[in-house]
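Letters A, B, ... are given to chains in the order of the sequence lines, protein chains preceding strands, and every chain is numbered from 1.
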Amino acid sequence: MRYTWKWEWTFVSSALFWFAIGGLAGLLLPLLRAFSADSTLLRVYAGSVTTHGVLMVFGGLFQLMVGLCLLHGRVMGGRIDEWSTRLPVLLWLSTNVGLAFMAVSVFGGFAPSYVLVYPLPLVGADVALWPRWALLIALVGIALVLLAVLYLYPAAIARSLFGRLLPTRTQLRGLIPDPGSLGMSIYALVMPILGLPVFLFAAVVFLVALGLLRPETIPIATSARSFNVAFWLFAHNLMEAMGIMTLGAIYAIVPRYTRSGQLYSPRAAVVAMILYTMAAIPAFGHHLYTWVTGNPEVLQNVSRSTSWATGFIAATLTAFNVGLTVWRNGLRAHPAPLLILGGLLLYLIDGFVALELSTPAWNLRLHGTLYATAHTMTILTAVLLVFLGVTYHYYPALREYQLDLRLGYLHSGLSFVAALAMFFSLLAGGVAGLPRRAYPWLPDENAFAVPLLVFGLLFALAQGLFAWNLWRTERARATVLAPAPAAD
Amino acid sequence: MPSLGEPFGALILALGTTVILLALGIAVIAQGLRGGSHPAHAWLVRAIWVGIVTLLVVGVNLLSETWTRAEPAGTTPPTLVAQVEASMWRFALEPETLPVGQPIEFRVRSADTIHGFGVYDPTGKLLFTVMAVPGAEERAIFTFREPGTYTVRCTEYCGTPHGLMRATFTVQGR
Ligand SMILES: [Cu+2]
Ligand SMILES: [Cu+2]
């Protein structure tokens with residue numbers, strides 16, 4: 001039997017590679033906190049925070065989405081011509097070379113945490129917290145990853161779905177019955193624009209770091225305030241755009257495991273995704289509530305109401321639509337829909353905490369603590385669970401072979417329970433006022449790290465089962481080469 | 001009774017919504033695996049759902065207006081100014097002893113990178129946090145109710161020793 005290499009598999013397998021490294025770095029965090037308060041380990045801790053965040057989000061999650069979404073585009077009859085198969089190669093190189101640069105710079109001591117808290121990268125080099133070469137290498141890496149996230153991936157989506165960069169009106173109308181492609185199109189439309197300011201500012205900062213430009217020359221790009229506004233406009237909306245692609249994946253895949261194969265209301269799905277996009281864009285100001293003077297109350301109220309609208313219009317419409325689809329049409333047991341529904345449930349549970357943090361009065365008492373970490377971690381874990389479900393769904397299309405389903409059930413159940421337990425362990429730490437990304441805590445606070453370590457190990461065990469499943473399947477596939485069950 | 005606006009209130013509400021969502025989610029998936037069925041009163045389910053959601057959104061947001069936002073400058077006329085300068089990796093407070101029951105305006109500045117001015121009461125509870133942004137001054141007004149030793153901890157990542165960036169100040173009764 002002949003097998004043709006699917007280039008999307010390159011993205012998926014690269015994602016698994018970065019997940020493994022980033023996951024190990026993540027386990028180090030509670031391990032260090034639970035057992036040691038040694039100041040010589042400060043660098044190890046900060047390096048692990050930086051590695052964990054960057055690799056999980058961009059190396060793992062983003063790349064997994066890229067592979068599966070572009071595969072979805074192809075399966076849905078998208079056009080791949082020669083030019084567009086070269087585009088994925090560029091996209092892959094830009095992402096992975098960029099990440100390799102960042103990994104090298106972390107080994108050189110660069111550790112500004114996974115969120116770019118400007119101007120720390122520059123100031124850190126000035127006070128010799130990390131060498132200047134590590135800063136420069138990191139900035140090149142960041143530029144490459146931004147290029148992939150903001151421009152190459154949107155271009156690849158457009159080429160894959162429409163065969164051209166700008167869709168025709170007929171093509172746009174054709175998106176409505178296919179929420180999976182609609183989610184990708186929204187990402188491709190929104191991210192190049194909302195990411196442009198931070199991309200340009202980062203370029204100016206790079207010139208400043210090289211010594212070619214003085215920071216006073218272009219203050220709009222180099223001042224802490226304007227850079228952080230541009231950064232959060234990008235970072236918040238990147239998460240939301242990934243969230244919209246996730247909703248698209250949920251809408252597209254769950255019905256295929258029901259009797260009718262249809263969504264309860266395809267129209268409500270489109271409405272939810274468009275409202276979500278519109279509400280999410282101005283909501284980014286919720287990251288800046290603790291600028292009590294610099295972020296006026298009017299703007300605080302705009303971000304608050306649009307944040308709540310994102311959650312309550314889009315999330316409840318989705319929950320209602322997907323819930324009724326399953327309730328009415330029944331569900332075929334399979335790890336794919338179970339992981340996807342588990343991810344959606346986690347997304348909704350975490351969504352309420354996100355809304356709490358979007359409320360200024362709560363934010364002032366919880367921002368900067370593990371409460372915020374709980375939200376960041378869990379929204380990303382929810383998206384991860386959904387895309388692991390999509391991996392089970394598309395595995396036969398990718399590899400012409402199916403994963404072991406029984407191991408898949410174990411993987412999905414264990415992942416969900418561990419993620420929920422980690423979420424509440426972090427929330428408890430946040431309520432106790434523990435500052436995030438801080439090492440060491442006060443001596444009597446170390447106990448908070450123990451449940452994090454235990455549930456983190458449980459989550460890692462679940463992913464270990466998945467890795468074992470992949471390994472077994474790939475080995476069987478290589479020796480047997482039996483014809484695979486056809487993909488949906 | 002602790003206000004819902006306290007961190008503990010947020011946790012209790014989060015727990016409550018989690019229990020409800022888990023129960024609903026498990027019920028939906030179980031019904032699906034059993035083969036599914038036509039919901040008896042889809043419109044009623046929809047109406048109840050919309051009702052609960054609207055109540056929660058409007059309720060929480062109206063209620064939160066009564067909770068302090070660590071009052072931005074201008075809300076209460078301050079009688080005392082405290083200067084705070086954050087720098088890698090220390091806080092300088094002037095004066096270091098503050099009175100109880102009197103609105104104090106904290107003027108928070110940073111000398112280098114972003115820091116967080118997180119004020120903890122003597123029991124270790126986080127009272128409020130203000131971001132210190134280089135190049136701009138943040139002003140927050142707060143009135144202390146209890147005397148004692150208060151702790152300041154940095155709440156924004158500011159380099160490897162971020163976790164060690166702490167200070168204390170005293171609040172004295174009249
Ligand atoms: Cu946000
Ligand atoms: Cu600091």
Just how far is it from atom [atom1] of [X] to atom [atom2] of [Y], taken to the nearest 0.5 Å?
| X | Y | atom1 | atom2 | value |
| --- | --- | --- | --- | --- |
| A:Arg328 | B:His38 | CZ | NE2 | 4.0 Å |
| A:Asn228 | B:Met131 | CG | CE | 7.0 Å |
| B:Leu13 | A:Phe352 | CG | CZ | 4.5 Å |
| A:His367 | B:Thr129 | NE2 | OG1 | 6.5 Å |
| A:Thr369 | B:Arg153 | OG1 | CZ | 10.5 Å |
| A:Leu366 | B:Phe128 | CG | CZ | 14.5 Å |

Check each atom of [X] against the heavy atoms of chain B and say whether the ones under 4.5 Å are side chain, backbone, both or neither.
| X | value |
| --- | --- |
| A:Leu345 | side chain |
| A:Tyr264 | side chain |
| A:Val127 | side chain |
| A:Tyr45 | neither |
| A:Leu344 | neither |
| A:Phe416 | side chain |
| A:Ser223 | neither |
| A:Val353 | side chain |
| A:Tyr118 | backbone |
| A:Ala432 | backbone |
| A:Leu338 | side chain |
| A:Trp308 | side chain |

[X] versus [Y], closest heavy-atom pair with distance:
| X | Y | answer |
| --- | --- | --- |
| A:Trp362 | B:Ala10 | NE1-CB, 3.5 Å |
| A:Tyr371 | B:Ala14 | OH-CB, 4.1 Å |
| A:Leu427 | B:Leu11 | CB-CD1, 3.7 Å |
| B:Glu156 | A:Thr290 | OE2-OG1, 4.5 Å |
| B:Arg139 | A:Val292 | O-CG2, 3.6 Å |

Which atoms of [X] approach chain A - backbone, side chain, both or neither, heavy atom under 4.5 Å:
| X | value |
| --- | --- |
| B:Val57 | both |
| B:Met165 | neither |
| B:Leu24 | neither |

Using a heavy-atom distance cut-off of less than 4.5 Å, which residues of residues 29-37 of chain B contact chain A?
->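 Expected list: B:Ile29, B:Gln31, B:Gly32, B:Leu33, B:Gly35, B:Gly36, B:Ser37.
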
Any residues in residues 109-119 of chain B near chain A, with a heavy-atom distance under 4.5 Å, and which are they?
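B:Asp112, B:Thr113, B:Ile114 fall under the 4.5 Å cut-off.
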
- request: Would you check if the side chain of B:Tyr120 reaches a backbone N or O of A:Gly433 as a donor-acceptor pair within less than 3.5 Å?
  value: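 Yes; at least one donor-acceptor contact below 3.5 Å.
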
N/O donor-acceptor pair under 3.5 Å between B:Thr160 side chain and A:Ala46 backbone: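 Absent.
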
Note to self: Distance alone, cut at 3.5 Å: any donor-acceptor contact between the side chains of B:Ser64 and A:Arg304?
What the structure shows: yes

Could you tell me whether the side chain of [Y] reaches within less than 4.5 Å of the side chain of [X], counting heavy atoms only?
| X | Y | value |
| --- | --- | --- |
| B:Leu164 | A:Leu42 | yes |
| A:Phe312 | B:Leu56 | yes |
| B:Pro134 | A:Pro119 | yes |
| A:Leu442 | B:Arg166 | yes |

Quick check for you: among A:Thr316, A:Asn363, A:Val322, A:Val123, which has the greatest number of heavy-atom pairs under 4.5 Å with chain B?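 That would be A:Thr316.
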
Exercise for the section: Show the numbers, then the answer: is there a salt bridge (charged side-chain N to carboxylate O under 4.0 Å, His left out) between A:Arg225 and B:Glu137? Expected result: CA-CA 11 Å; A:Arg225 249 182 222 289; B:Glu137 190 180 72; over 6 Å; no

task = Apply the side-chain contact (heavy atoms from CB on, under 4.5 Å) test between A:Ile349 and each candidate in B:Leu22, B:Thr17, B:Ile20, B:Val19; give the one that qualifies.
result =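 The passing option is B:Leu22.
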
Assert top hit (heavy-atom pairs under 4.5 Å, partner chain A, pool B:Val108, B:Thr54, B:Thr155) equals B:Thr155

Checked B:Gly124, B:Cys158, B:Gly135 vs chain A; the most non-hydrogen pairs under 4.5 Å come from B:Cys158

- Above 12 or not: heavy atoms from other molecules or residues under 6.0 Å from CD of B:Gln83?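 Yes.
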
